[in-house]
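Worksheet: the structure to be examined is printed underneath.
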Amino acid sequence: QVHITESGGGLVQPGGSLTLSCKLSGDMVHGYAMGWFRRAPGSQQESVAEIRVGGQATYGNFVKGRFAVFRDNAEATIRLQMNFLQSEDTAVYSCYGRRGQEYFWGQGTQVTVSS
């Protein structure tokens, strides 16, 4: 059984920053890749970032250097630092743990960028 706990969403002004956190708990989770997807209203889900146990990180094309993902393997926790947020970044951000092609999902946290 894998459990995912997310935190850190909220309202931020354009150009501001926000940090999302995600923790995996359960058996064998320390070897899972972890990351975030997002879904904006009326849009398809898109990958934001993923980080593997070894620290290799990949990002969605729209990130363009604005976001950074960090991982604490001992705690099975990741943190997504988002900078220079724009209205287009408004979405529900969902954390996941991935073992091969098997995904375990969090409930999602709302990020709203608005003045």
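Because the structure is predicted, anything quoted here is derived from the model rather than measured.
In this structure, Lys23 contributes its side chain and Ile78 its backbone to no donor-acceptor pair below 3.5 Å. Counting only distance, with no hydrogens or angles, the side chain of Thr90 and the backbone of Glu88 share no donor-acceptor pair below 3.5 Å. Asn83 contributes no side-chain N or O that, together with a main-chain N or O of Ser17, makes up a donor-acceptor pair within less than 3.5 Å. With hydrogens and angles ignored, the 3.5 Å screen pairs a side-chain donor or acceptor of His30 with a backbone N or O of Ala74.
Below 30°, between 30° and 60°, or above 60°: for Phe37 and Trp105 the angle between ring planes is above 60°, a perpendicular geometry. Between Phe104 and Tyr32, the angle of the ring planes stays under 30°, which puts this pair in the parallel group of the 30/60° scheme.
When side chains are defined from C-beta on, Met34 counts as touching Arg71, because their heavy atoms get closer than 4.5 Å. Between Ile4 and Cys22, the closest side-chain pair of non-hydrogen atoms falls below 4.5 Å. By the 4.5 Å heavy-atom criterion applied to side chains, Glu46 and Asn61 are not counted as neighbours. Put simply, the side chain of Leu18 reaches to within 4.5 Å of the side chain of Val111, judged on heavy atoms.
Heavy atoms from other residues, nucleotides or ligands lying under 6.0 Å from CZ of Phe84 number 12 at most. Remark: Arg66 CZ is packed, more than 12 non-hydrogen atoms of other residues, nucleotides or ligands lying under 6.0 Å away. For Gln107, the CD atom is loosely surrounded, since the number of other residues' heavy atoms within 6.0 Å does not exceed 12.
A pairwise comparison of heavy atoms in Gly108 and Ser94 identifies CA-OG, 3.6 Å as the closest pair.
In this model, no donor atom of one side chain and acceptor atom of the other lie less than 3.5 Å apart for Glu6 and Thr109. Side-chain contact check for Glu50 and Tyr59: no donor-acceptor pair (N or O, by modelled atom type) lies under 3.5 Å.
The hydrophobic clustering, which links ILVMFWY residues whose side-chain heavy atoms are closer than 4.5 Å, places Val12 and Trp36 together.
Interatomic distance, CD1 of Ile51 versus CZ of Arg79, reported as 10.0 Å (0.5 Å rounding).
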